[in-house]
Engineer: 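One structure follows; several queries about it will come next.
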Amino acid sequence: MKLDFWLLDLNHDAHEGKSAIWLWGVTRDNKRVLVIDANFQTSFYLLPKKGQDIDQLKERIEREKPHPSVERADIEQKKRLGEDRQVLKVSCKDPDNLEKCARDCVKQLGVEASFEDKLRYSIKYQIEFEIRPCQWYKVEGTESSIDPRKYHVDRVFETSGHPTSIPRENAPKLRLLSFSILSVSPTGSPSPIRDPVCLVAWKKKDGQANTIQSEKTSDNELIEEFSQAHQKFDPDVVFSFGGNTFDWPYLIKRADRTKAKLSVGRDDGPARQSLYGHFSLTGRANVDLQDFSGDLYDVKIKTVENVARFLGVEASTPTIDETEYYDHWIGKDRPALVEQMKARAISIFNVGDDALDYTLQLSNLSALPPDQVLAAAVGFRVDSYLLMEARKLGELIPARSELNIIPYKGAIVLEPSVGLHDNVAVLDFSAMYPSLMVKYNISPDTLVDEGGDDALEVPEVGHHFRKNPPGFYKIVLSQLIASRQAAKKEAAKTPRGTPEHKILKAREKATKVITNATYGYAGWAGSRWYSREVAESAAALGRDTINKSIDIAKNLGLHVLYGDTDSLFVEYEEKLVNQFIKEIDKNLGLEINLGQLYKRILFTEAKKKYAGLLEDGELDIVGMEAIRGDWSNLARSIQNEVLKLVLQGGNPTEAKSYVQSLVKDLESFKVPKSSLVIWKTLTKRPDEYEVNAPHVEVARKMAKEGWPVTVGDKVGFIVTKKPGKLYQKAEPHFKVSLGQVDYDYYVHNQIVPAAARVLEVFGIHEEDLLEPSRGQVNL
DNA sequence: GCCTTATGTATACCA
DNA sequence: ACTGGTATACATAAGGCG
């Protein structure tokens with residue numbers, strides 16, 4: 001019997017006392033299915049020393065069995081650092097003892113090394129049969145005698161062979177659920193040791209937001225009621241915002257305390273902590289959108305609502321602060337809080353719905369299941385992708401090992417030409433590092449000791465790389481670049497606004513993310529294919545490329561105003577720019593594209609900080625305080641206004657008077673408290689800091705008052721009139737009243753520096769902004 | 001002991 | 001736990017002065 005299914009999640013579990021892979025999926029007729037593949041035996045490789053007789057080794061392994069779980073050994077051809085090598089694939093009965101088994105074999109046989117013995121059973125399965133989640137498969141087998149209701153599926157299937165992929169087709173209709181919990185405490189933030197969950201809000205695809213509320217001191221009933229509702233809806237994807245750090249651990253601890261059964265997985269189990277610190281629900285995808293928001297660098301303060309606004313999906317802004325939850329819950333304002341929680345569930349749902357295509361595409365490309373892929377750091381996404389590709393290419397997969405890092409020289413940033421410029425074009429190399437790695441075959445397996453006709457010597461750093469055959473990085477990067485081009489091309493042919501278009505864009509974005517991270521991966525100490533020479537050479541070739549481009553531009557008479565890593569900002573002359581693009585292609589064999597066009601642009605004296613006026617009249621601000629998350633909104637919006645006056649109106653004098661008027665009597669403007677809050681990330685525990693800093697001091701104060709802040713959280717503070725150092729003047733934002741605000745600080749250390757950063761360019765200094773009498777006459 | 005300057009720590013940004 | 005390059009603020013140590 002044959003079965004077609006779309007793979008949502010997979011895990012390793014026993015089946016009839018044997019190790020098996022459990023594949024959770026959805027069929028074409030929209031049924032949920034559990035596919036059990038108990039026919040996989042894991043294995044590792046042994047690389048003999050040169051001169052060792054491989055047939056003899058094979059015979060010895062099978063006869064001596066260095067470890068009881070050795071099943072048999074087979075001879076295979078593999079590649080190791082560009083060399084063809086014969087290896088032994090040792091099959092192993094017991095996946096839990098793979099590493100030990102490999103160690104014993106290496107010791108007893110005196111071979112060079114073992115490979116792939118540290119890879120988990122399910123990963124081995126994935127690379128062996130090219131199993132990527134979020135894709136269609138067909139498989140042979142029979143209907144199982146297991147009751148499907150036991151696993152919240154419609155069918156349980158036992159395979160006779162292994163799944164084979166079906167060429168690209170879209171995902172089935174998945175059941176989506178979002179949820180968020182609420183707990184309150186009179187003394188600060190709630191603690192699962194003390195405070196029960198008092199509300200769960202959720203939203204499913206079609207329908208309104210729902211809640212379960214509880215008055216009781218025990219949330220036993222609430223947890224079980226939620227479990228029932230959850231299982232009844234039987235979601236495929238569960239969205240949360242902060243679920244991995246708050247909702248799930250809280251629910252688990254509460255369930256443990258009150259002896260409630262938290263049943264949310266398809267196995268009726270709870271959420272379980274997994275590989276990347278995230279939580280997994282068996283047979284479902286638990287997607288924490290806070291992880292997704294981590295990739296959105298433009299969203300400075302990561303709330304669901306900010307993420308929703310950024311994505312352009314619907315979300316209502318909450319009005320009740322976390323510190324007011326308790327009073328609302330026990331008081332007459334509870335309905336407002338309940339509404340806010342419902343709105344939160346809706347916002348989470350909308351963000352999740354929007355982020356789903358990207359999540360599934362990134363999961364499919366990287367081969368990390370959808371519940372892991374967002375939780376995994378970029379390096380591990382690349383790692384997982386490379387594992388799959390390495391196996392396809394017959395490369396032995398090295399183990400990850402943390403080496404001591406030797407830093408190397410990176411990119412070039414040009415000195416900006418300070419001031420205002422009209423009609424400026426940005427020329428960007430497309431995927432510069434990947435393109436260079438492909439063009440010059442930069443890879444650990446093409447690195448050679450000696451130069452020669454068949455090798456390239458990298459300028460500046462002097463490493464040599466063979467031109468042929470193509471190395472590992474060249475092959476994978478070429479594939480990625482080609483697949484991104486294909487997605488791009490197809491997207492261009494597909495009508496905008498259609499689901500297909502969105503999927504193709506998501507595919508393109510996922511491919512881009514993996515492509516662009518590969519250079520960094522090569523230079524990451526934790527990488528399997530770490531090579532400082534590779535990373536260093538890519539960087540050196542990048543510098544060489546940008547330097548040559550500057551010369552080409554100059555020879556054409558193009559005026560270069562600025563540049564950073566892979567871009568050049570030039571005075572825009574259409575004919576010259578087109579010529580330049582052709583020259584780069586001809587002389588360097590690389591693609592450079594016309595990027596942003598600025599009607600007018602302002603460069604400050606600092607690198608990496610500029611602001612430009614776009615064709616449509618919008619400002620594009622880069623690196624400046626106006627877009628930094630660690631400046632008050634007050635300073636940010638004033639700098640933004642100053643930039644507008646300068647770039648749109650061309651009027652620094654007006655900008656100057658604007659700032660002066662604010663500075664003169666800031667207090668009288670009655671700016672809202674929220675615009676005075678300065679947010680900074682706590683990057684370690686408060687006691688680990690070497691020097692006193694305002695946000696650390698505030699974090700300590702908050703912890704003392706029952707609002708502990710954990711690593712990675714943003715701490716919001718306002719500077720008060722209290723005497724002393726800044727860190728003594730800073731107070732938690734929610735505790736400060738407008739009367740306590742040190743407006744002098746905001747004038748001297750926020751508004752004036754932010755405004756002067758722009759106005760310095762026109763000879764307007766900080767003093768001029770502070771002392772109007774010495775400046776020009778105001779209008 | 002007080003003031004100025006140099007250095008170190010911390011954060012967020014650009015590509 | 002992808003890389004290096006850069007700006008900036010504030011705390012603190014070091015240096016200079018009387």
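All of these numbers come straight from a predicted model, not from anything done at the bench. Every chain is numbered from 1 and lettered A, B, ... according to where its sequence line falls, protein lines coming before strand lines.
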Engineer: Please classify the nucleic acid contact of A/G526 as base, sugar-phosphate, or nothing, using heavy-atom distances under 4.0 Å.
Structural biologist: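 The answer is nothing, as A/G526 stays clear of every strand by at least 4.0 Å.
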
Engineer: Please determine if A/K729 forms a cation-pi arrangement with A/Y745, meaning its NZ or CZ atom is less than 6.0 Å from the six-membered ring centre and no more than 45° off the ring axis.
Structural biologist: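 Because its charged atom misses either the 6.0 Å distance or the 45° angle limit, A/K729 does not stack over A/Y745.
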
Engineer: Are the side chain of A/T446 and the backbone N or O of A/N441 linked by a donor-acceptor pair below 3.5 Å?
Structural biologist: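 Flag set: sc A/T446 to bb A/N441 pair under 3.5 Å.
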
Engineer: Checking A/Q750 against A/S632: is there a side-chain donor and acceptor pair closer than 3.5 Å?
Structural biologist: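 Per modelled atom types, A/S632 and A/Q750 side chains form a pair under 3.5 Å.
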
Engineer: Does the plane of the ring in A/W679 sit parallel, tilted or perpendicular to the ring in A/H733? Use 30° and 60° as the thresholds.
Structural biologist: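 Taking A/H733 first and then A/W679, their aromatic rings sit tilted (interplane angle of 30° to 60°).
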
Engineer: Angle class for the A/Y276/A/H278 ring planes (parallel below 30°, perpendicular above 60°, tilted otherwise)?
Structural biologist: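 Ring orientation, 0 to 90° scale: parallel.
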
Engineer: Measure NZ/A/K607 against P/B/dC14 and give the value in whole Å, please.
Structural biologist: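 Going from NZ in A/K607 over to P in B/dC14 covers 16 Å.
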
Engineer: A/D620 CG to B/dC14 P: how many Å, rounded?
Structural biologist: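 Computing the A/D620:CG to B/dC14:P distance gives 10 Å.
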
Engineer: CD1 of A/I627 versus P of B/dA12: gap in Å, rounded?
Structural biologist: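 My rounded result for the distance is 13 Å.
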
Engineer: I'd like to know if the side chain of A/Y562 reaches the main chain of A/K608, judged simply by a donor and an acceptor atom lying under 3.5 Å from each other, with no hydrogens or angles considered.
Structural biologist: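 Yes, A/Y562 side chain to A/K608 backbone: donor-acceptor pair under 3.5 Å.
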
Engineer: Figure out the CD/P separation between A/Q639 and B/dC13, and round it to whole Å.
Structural biologist: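 These atoms are roughly 13 Å apart.
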
Engineer: Specify the residue among A/A411 and A/N516 whose closest nucleotide of DNA chain C lies further upstream toward the 5′ end.
Structural biologist: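 Its nearest nucleotide lies further toward 5', so the answer is A/N516.
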
Engineer: Drop me the distance from A/R400's CZ to A/W524's CH2, to the nearest 0.5 angstrom.
Structural biologist: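 Interatomic distance, A/R400 CZ to A/W524 CH2, rounded to 0.5 Å: 4.5 Å.
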
Engineer: Can a side chain N or O of A/Y562 be found less than 4.0 Å away from OP1 or OP2 on B/dA15?
Structural biologist: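 Checking B/dA15 against A/Y562, no side-chain N or O comes under 4.0 Å of OP1 or OP2.
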
Engineer: Give, ordered by number, those residues of residues 530-548 of chain A having at least one heavy-atom distance below 4.0 Å to an atom of DNA chain B; if nothing qualifies, reply none.
Structural biologist: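 None - not one residue of the stretch has a heavy atom sitting under 4.0 Å from the strand.
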
Engineer: Can we say A/R628 and A/E625 salt-bridge, meaning some charged N sits less than 4.0 Å from an Asp/Glu carboxylate O?
Structural biologist: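 Answer for the salt bridge query: no.
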
Engineer: What's the CZ-P distance between A/R381 and C/dA1, to the nearest Å?
Structural biologist: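 To the nearest whole Å, that distance equals 12 Å.
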
Engineer: Counting the atoms with a prime plus P, OP1 and OP2 as sugar-phosphate, which does A/P407 contact under 4.0 Å by heavy atoms, base, sugar-phosphate, or nothing?
Structural biologist: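 Result for A/P407 = sugar-phosphate.
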
Engineer: Which whole-number value in Å describes the distance from A/L414 CG to C/dT6 P?
Structural biologist: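 Computing the A/L414:CG to C/dT6:P distance gives 10 Å.
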
Engineer: Considering every strand and a 4.0 Å limit on heavy-atom distances, what is the contact class for A/G520: base, sugar-phosphate, or nothing?
Structural biologist: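 The residue A/G520 makes base contact.
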
Engineer: Which part of the nucleic acid, if any, lies within contact of A/Y745, taking any heavy atom under 4.0 Å across all strands shown: a base, the sugar-phosphate backbone alone, or nothing?
Structural biologist: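 The residue A/Y745 makes sugar-phosphate contact but no base contact.
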
Engineer: Can the ring centres of A/F472 and A/W529 be said to be less than 6.0 Å apart?
Structural biologist: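 Yes - the distance between ring centres of A/F472 and A/W529 falls below the 6.0 Å cut-off.
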
Engineer: Which is true for A/Y727 with a 4.0 Å heavy-atom rule: it touches a base, it touches only sugar-phosphate, or it touches nothing?
Structural biologist: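 Sugar-phosphate contact only - A/Y727 comes under 4.0 Å of backbone atoms but never of a base.
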
Engineer: Report, as a single string ordered 5' to 3', how protein heavy atoms within less than 4.0 Å touch nucleotides 3-11 of chain B: B base, S sugar-phosphate only, - not at all.
Structural biologist: ------SSB

